[in-house]
Number of protein chains: 2
Amino acid sequence: MIFKIDFKSGKPVYLQLVDQVRYAAASGVLQAGEPLPSIRPLAEELRVNRNTIAKAYTELENQGVLETRPGKGCFLKENNSPFTKPIRQKLLLAEIDEAVVMAHHLQVDREKFLALVQERLDYFEQQSGAKKIN
Amino acid sequence: MIFKIDFKSGKPVYLQLVDQVRYAAASGVLQAGEPLPSIRPLAEELRVNRNTIAKAYTELENQGVLETRPGKGCFLKENNSPFTKPIRQKLLLAEIDEAVVMAHHLQVDREKFLALVQERLDYFEQQSGAKKIN
DNA sequence: TTTAGTGTCATAGGACTGTATGACAGTGGC
DNA sequence: GCCACTGTCATACAGTCCTATGACACTAAA
């Protein structure tokens, strides 16, 4: 299974799962339309309550990452955000600012920082089969 | 006062303060060695319990952003992180990945994303008096 | 219709978080 | 020493969060 829970991390289980699904979707490990593991078997495999998985999936649905078809299961959606363009832009800028502020505190200079960003972009593109992020 | 609390945001007051101090330090609004507002007056001004401010300052001290001299006050430290270099690198990469994953979900392409990053770097450098992030 | 699979909802309990209060300890000027 | 200022700690309490349980509803195949 592609998902791994770290019970010692202190981070809530359902959030770990949310991040991993988003990450897998962004890197192309999971493709649009693909079904996600169904709740009960995944819960059993990860040794976690089924409602914990359900909560993660609900959160992902709210974020527009997946859609659930009643009685059938959960499926990765085509990329589109439920938010309006200005809100999306604001969210992304906040995320970027966090990274920039952290770079400052960690004493990483501009060139090194940009290099790291490009490296990660490359990594994700490579993972998703030489496809550009779009 | 440079700090503003949004009580409707849902974000804990002490975390709002932590972010604002980090942001102010990164952008040069606050300079190393400068004293931060002392706890009680700031608490009064922001209409917040004094221990809420104290908690924010404690957190900032743990992050290596400020240091407190008993009986005197809290002062912005020279930039240095309490973490080792590999840990710092890992933290920063996680932060960058979050932004990259979000860009993917928000359907922002590579060039646009890099442009946004540069824009924010420029912004912070400009704020801190044309000084490079280091 | 029955059965086995899917996700959903209401509810509950234990742990944790955020904030508040009061008492305490260090510093420096009077 | 006293006083006014600094930050700190122990404690308390309400609210929230995370996880867990049981009952429910939808879908598809036998």
Side-chain angles (χ1 to χ4, degrees), chain A residues 1 3-22 25 30 32-77 82, chain B residues 1 3-22 25 30 32-77 82:
Chain A
M1 173 45 51
F3 304 126
K4 277 220 179 70
I5 300 303
D6 176 5
F7 291 100
K8 292 172 294 181
S9 78
K11 189 169 182 177
V13 172
Y14 87 99
L15 281 183
Q16 291 186 43
L17 194 53
V18 166
D19 282 349
Q20 287 180 39
V21 171
R22 284 171 59 91
L30 287 175
E34 241 182 293
L36 276 83
S38 46
I39 291 183
R40 267 159 252 239
L42 181 56
E44 201 167 343
E45 184 177 335
L46 298 179
R47 310 283 179 85
V48 151
N49 189 274
R50 64 183 193 278
N51 240 19
T52 301
I53 310 288
K55 185 169 187 177
Y57 281 11
T58 303
E59 173 67 19
L60 286 162
E61 184 164 28
N62 292 337
Q63 292 181 12
V65 176
L66 58 79
E67 74 184 319
T68 123
R69 304 187 198 134
K72 296 179 125 180
C74 295
F75 301 82
L76 212 65
K77 270 175 76 169
Chain B
M1 174 43 53
F3 304 126
K4 278 220 179 67
I5 300 303
D6 176 6
F7 291 99
K8 291 170 297 182
S9 79
K11 189 169 183 178
V13 171
Y14 86 100
L15 281 183
Q16 290 185 44
L17 195 53
V18 166
D19 282 348
Q20 287 179 40
V21 171
R22 283 171 61 91
L30 287 175
E34 240 181 296
L36 276 83
S38 44
I39 290 182
R40 269 160 252 236
L42 181 57
E44 201 167 343
E45 184 178 335
L46 298 179
R47 310 284 179 84
V48 152
N49 190 275
R50 66 180 191 278
N51 238 20
T52 300
I53 309 288
K55 185 168 188 179
Y57 281 11
T58 303
E59 172 67 18
L60 286 162
E61 184 164 27
N62 290 338
Q63 292 182 12
V65 176
L66 58 79
E67 74 184 318
T68 122
R69 305 188 197 132
K72 296 178 126 182
C74 296
F75 301 82
L76 212 64
K77 270 176 75 169

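Order of the sequence lines sets the chain letters (A, B, ...), proteins ahead of strands, with each chain counted from 1.
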Checklist entry - In whole angstrom, what separates B/Leu15's CG from C/dT19's C1'? => result 13 Å

Checklist entry - So does A/Thr68 get a side-chain nitrogen or oxygen closer than 4.0 Å to the phosphate oxygens (OP1/OP2) of C/dT8? => result yes

Checklist outcome for this item: Separation between CG (B/Leu60) and OG1 (B/Thr68), nearest 0.5 Å, reads 12.0 Å

Checklist entry - Which is it for A/Glu61 and A/Leu66 under the side chain to side chain contact (heavy atoms under 4.5 Å, CB included) test, yes or no, and what are the steps along the way? => result CA-CA 5 Å; A/Glu61 184 164 28; A/Leu66 58 79; 3.9 Å; yes

Item to check | B/Glu44 CD - C/dA20 P separation (whole Å) | outcome: 14 Å

Next on the checklist: Does A/Pro35 reach a base, just sugar-phosphate, or nothing at all? Heavy atoms under 4.0 Å.
Outcome noted: nothing

Checklist entry - B/Thr52 side chain: which of C/dG28, C/dT6, C/dA20 is closest? => result C/dA20

Item to check | Inter- and intrachain pairs under salt bridge (Lys or Arg N to Asp or Glu O under 4.0 Å), touching residues 47-56 of chain B, at least two apart | outcome: none

Checklist outcome for this item: Separation between OH (B/Tyr14) and CG (B/Asp19), nearest 0.5 Å, reads 10.5 Å

Item to check | Gap between atoms NZ and C1', on B/Lys72 and C/dG29 respectively (whole Å) | outcome: 13 Å

Checklist entry - A/Asn49 CG to C/dA12 P: how many Å, rounded? => result 17 Å

Next on the checklist: Nearest whole Å is fine: how far is C/dT19 C1' from B/Ile5 CD1?
Outcome noted: 13 Å

Checklist outcome for this item: Rounded to whole Å, OH of A/Tyr57 lies from P of C/dT6 at a distance of 11 Å

Item to check | Distance in angstrom units between B/Ile39 CD1 and C/dA20 C1', rounded | outcome: 14 Å

Next on the checklist: I'd like to know whether A/Leu46 forms a side chain to side chain contact (heavy atoms under 4.5 Å, CB included) with A/Val13, so could you lay out the CA-CA distance, the side-chain angles of the two residues, the decisive distance to 0.1 Å, and finally the verdict.
Outcome noted: CA-CA 10 Å; A/Leu46 298 179; A/Val13 172; over 6 Å; no

Checklist entry - Taking 5' to 3' order, which nucleotide of DNA chain D is first and which is last to have an atom within less than 4.0 Å of a heavy atom in chain A? => result D/dC18 to D/dA28

Item to check | Nucleotide nearest A/Arg40 when distance is taken to its side chain, options C/dT8, C/dG18, C/dT27 | outcome: C/dT8

Item to check | Separation of atom CZ in B/Arg50 from atom C1' in C/dA20, rounded to whole Å | outcome: 8 Å

Checklist entry - Yes or no on side chain to side chain donor-acceptor pair (under 3.5 Å) for B/Gln16 and B/Gln20, after CA distance, side-chain angles and deciding distance? => result CA-CA 6 Å; B/Gln16 290 185 44; B/Gln20 287 179 40; 4.6 Å; no

